[in-house]
Amino acid sequence: MEKVLTEIAEITADPYGYVAGLKERKEKKVIGCFPMHIPDEIIHAADLIPVVIWRGNEPVTWGHAHVPPYDCGITRSFVDDAVRGKLGFMDGMVFHVRQCLQAGEFPFIMERHVKPSYQKVLYLPALYPGDVMRDFTITELEGFKTSLEEFTGKKISDDNLNKSIEIYNKNRGLLERVYEIRREKPEILKAREVMQIVWSSMFMLKEDHNKLLTELIKGMEAKTVEPEKDKIRVIPVGCLCQTLQFDILDLIEDLGMIIPDDDLYIGSRYFANQVNLDGSPLGALADRYLTRTPVCPTKGVWQVHWGDEAIKKMRDNDARGIISIIVKYCPPHACYYPDFKSKMEKEGINAIMIEMEHEIITLEAIKTRLQSFVEIIGGV
Amino acid sequence: MTIAIGVDVGSLCTKTVILDGGNNILSYDIMRSGHYYKGAAEESINNALKTAGLRKEDVGYILGTGYGRGAISSADGQVTEITCHARGATRLFPRVHTVIDIGGQDSKVIGIGDNGRVTNFVMNDKCAAGTGRFLEVMASALSVDIGEMGDLFFASDKNVEVSSMCTVFAESEVISLFAQGHKKADIAAGIADSIARRVVGMVGQVGLKEEVIMSGGVAKNAGVAHAIGKRIGTKLLIADEPQIVGALGAAIIASERI
Ligand code: SF4
C-alpha cells in the first residue's frame with residue numbers, strides 16, 4: 001500500500017513530466033480535456049491518451065496577457081502553461097465551452113497562440129428540458145467522435161468505445177471501492193493522499209491506474225487502523241475543476257478534523273455514476289453527462305438541491321459539518337452558494353465556506369476560520 | 001491557582017486580562033505588538049501580573065488568542081479570536097447577539113446564539129481597508145492625531161464621500177479632497193462613513209441580531225462607531241475598554257480549563 005501511495009505521490013508531484021514520458025513510452029498522441037465534463041472515453045477509444053487538464057502550481061505570468069487576473073485559478077494557470085509552451089506534449093485540446101464563461105475563452109486563445117494540431121469545442125447542454133437535449137448531446141458526441149476519427153485517420157467502432165467505457169467503468173468502480181474502505185476506516189488515508197489518488201486517475205492511462213488501484217485496495221483491505229474517535233468528521237464540498245492546495249487538506253486534519261468522504265470534483269464527483277453498457281455507447285455517455293446527481297452548478301439542475309445531497313452525505317458518514325470550498329472567481333459555484341448556504345442555515349447544519357486561491361494562499365486566515373469552525377462544532 | 005490569563009496577540013496591539021477565581025478582572029494590559037509577538041505576549045503578561053500584584057506561579061492557565069496566538073510560549077492552549085470575542089462580549093453584555101470587531105488589521109462580524117456561543121462569522125483579513133491601520137493612514141493624511149479623529153467627525157456639517165475602500169487609494173482621495181478645500185471634519189466624517197459602509201456588508205452576511213457590541217481599537221473612535229450605528233440602524237454597545245474583549249473571552253475560557 002505504501003509503495004503505491006509513494007508512486008502516486010511522485011506522479012502527481014510532476015504531472016507534466018509524467019504525461020510527457022507516457023507519450024514517449026506509448027508513442028501515442030496526448031489530448032488535453034478541460035475539466036469537468038468531457039467524456040474522454042471517446043478519446044481513449046481513438047487510441048489516444050486523454051488527460052484532464054490541471055492547475056499548475058506556479059504563479060501566472062504571461063497568461064495574464066490573455067486572461068484577466070479575476071479568472072479562476074485553473075483558467076489562468078492553464079492559459080499560462082499553454083502560452084509558455086509548458087503543454088507542448090499536448091497534441092490536441094477539447095473544451096466544453098458552455099460550462100462557464102471562462103471556459104468559453106480558451107478556444108480563441110489556443111487557436112491563436114498555441115495552435116494544437118487538434119482542437120474541438122463541445123457545446124453540451126446546460127439545461128435538460130427533455131429528450132431533445134439527449135438527442136442534442138448525442139449529436140455533439142457524434143461530432144466529437146468524427147473529429148477524432150479525422151484526426152487519427154482511424155474509425156472508432158462501437159466495440160472500441162464499449163471496451164474503453166468498460167475500462168473507465170472499472171476505474172470508477174475501483175475508486176468507489178477506495179472510498180468505501182475510507183468510509184469504514186477514515187484514518188487509513190490522509191486527505192491529500194485521497195486527492196492524489198483521484199487526480200492521478202485523471203492523467204494516467206486508466207489501464208495503468210486500475211493496476212495501481214487494485215494493489216492499493218488489497219493493502220487497504222488488509223490494513224487495520226486505530227479509530228480516532230475524538231476527531232470531528234467533516235465533509236468538504238466543491239472545489240470545482242481543480243486540485244485544492246494539499247496544505248489546506250493538511251490543515252483541516254491538523255486542526256482535529258477527519259474526512260470520511262467528500263463531494264469534491266477531484267474526489268467523489270469525478271467517478272460518480274457508471275456508464276451503462278447496454279445500449280448505444282454514445283447514448284450511454286450522454287446519459288452519464290445528463291445525470292442530475294451529483295448536482296453540478298455548471299449544469300442547470302434545480303430539481304435536486306446540492307445542499308440536500310451534501311447533508312445526506314454528511315449524515316450517512318456521521319459527520320458534524322460541511323466545508324464548502326469555492327474556487328475564487330468561479331461564477332457557477334459562487335452563484336449557487338447563497339442557495340446552498342440558506343439550506344445549511346435552514347437545516348441547522350454546521351457549515352463554513354473557504355475560498356481557494358491560485359497564488360496567494362492566506363493560510364493563516366484560513367486556519368483561523370477553520371479553527372473557529374472546529375470550536376463552534378466542539379462547543380468551546 | 002485559580003488565576004486565569006487571556007492574552008490576545010493582535011497585529012497591532014497585544015492585550016492581556018487576568019481573572020480571579022470568581023471571574024473578576026484583576027488587571028489588564030494593552031501594549032503595541034511590534035514585530036516580535038512572542039516577546040510582546042510575555043511582556044504584556046508580566047505587566048498585567050505586576051499590576052495585579054501576582055507572580056506567574058500563581059496562574060492556573062494561560063490561553064492565547066489573536067493573530068499571534070501560536071507565538072505565546074507560556075500559553076497552555078489557544079483558541080481563535082472569533083470564539084474569544086464572542087465569550088468576552090457576552091460576559092460584558094449578556095444579551096448581545098452580534099459583535100463587530102475592528103482591530104488593527106482585520107475586521108470581523110460574529111453572530112452569537114442565545115447560549116452565548118458563536119453561530120456564524122465573517123472576517124476581512126485580506127486587506128487593511130476599514131481597520132485601525134486604515135484610520136492611522138487617514139489621520140496622517142489629514143495631519144491630525146488619531147485620537148482627534150473621532151471628535152472631528154462631530155464637527156462635520158457637510159457630506160463628503162470617500163469612495164475608495166483601499167487604504168492606498170483612499171489616502172490619495174483624502175489628499176485630493178483636502179486640496180479641493182473640503183474641511184478636515186467633513187473628510188473625517190466621510191472616512192468614518194466609508195468604514196461603516198464596509199461593515200454593513202459584513203453585518204448583512206452574518207445577519208443583524210440585537211444587541212450589537214463593537215469591540216477592538218477602532219471602537220474607541222466615536223465617529224466611526226456613530227457612523228456604523230447609523231448605517232445599521234441600531235445603537236452600538238461599547239465596553240469601557242473595547243480593546244480587551246477578546247483577551248477577556250480568552251481568560252474566561254482559561255478559567256474553565258483550570
Ligand atoms: S472553476 Fe468554475 S470558473 Fe473555473 S473553469 Fe471551472 S467552472 Fe469555470
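So that the names make sense, note that chain A is the first sequence line, chain B the second, and so on, each numbered from 1. Worth knowing before you read on, the calculation uses all heavy atoms, side chains too, and leaves out hydrogens, waters and symmetry mates.
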| query | Has A:Gln303 got more than 12 heavy atoms of other residues, nucleotides or ligands less than 6.0 Å from its CD? | reply | yes

| Got a sec: does the CG of A:Asn57 have more than 12 other heavy atoms crowding it under 6.0 Å? | no

| field | Neighbourhood of chain A inside residues 248-258 of chain B, taking heavy atoms under 4.5 Å as contact | value | B:Ile253, B:Arg257

| field | For B:Arg69 against A:Gln371, the heavy-atom pair lying closest together | value | NH2-OE1, 2.9 Å

| field | residues 76-99 of chain B: residues contacting chain A (heavy atom under 4.5 Å, by number) | value | B:Gln78, B:Val79, B:Thr80, B:Glu81, B:Ile82, B:Thr83, B:Arg87

| How far does CG of B:Asn120 sit from CE of A:Met344, to the nearest 0.5 angstrom? | 14.0 Å

| query | Measuring from A:Ile352:CD1 to B:Phe121:CZ, what's the distance to the nearest 0.5 Å? | reply | 4.0 Å

| query | Does A:Phe34 CZ have over 12 foreign heavy atoms under 6.0 Å away? | reply | yes

| Which salt bridge (charged side-chain N to carboxylate O under 4.0 Å, His left out) pairs, counting each pair once, include a residue from residues 27-40 of chain B, with sequence neighbours left out? | B:Arg32-B:Glu136

| query | Counting only heavy atoms not in A:Lys343, do more than 12 fall under 6.0 Å of its NZ? | reply | yes

| task | Please answer whether the main-chain N or O of B:Met123 pairs with a side-chain N or O of A:Arg369 as donor and acceptor at a distance below 3.5 Å. | result | yes

| query | Does anything in residues 7-24 of chain B get under 4.5 Å of chain A by heavy atoms, and if so which residues? | reply | none

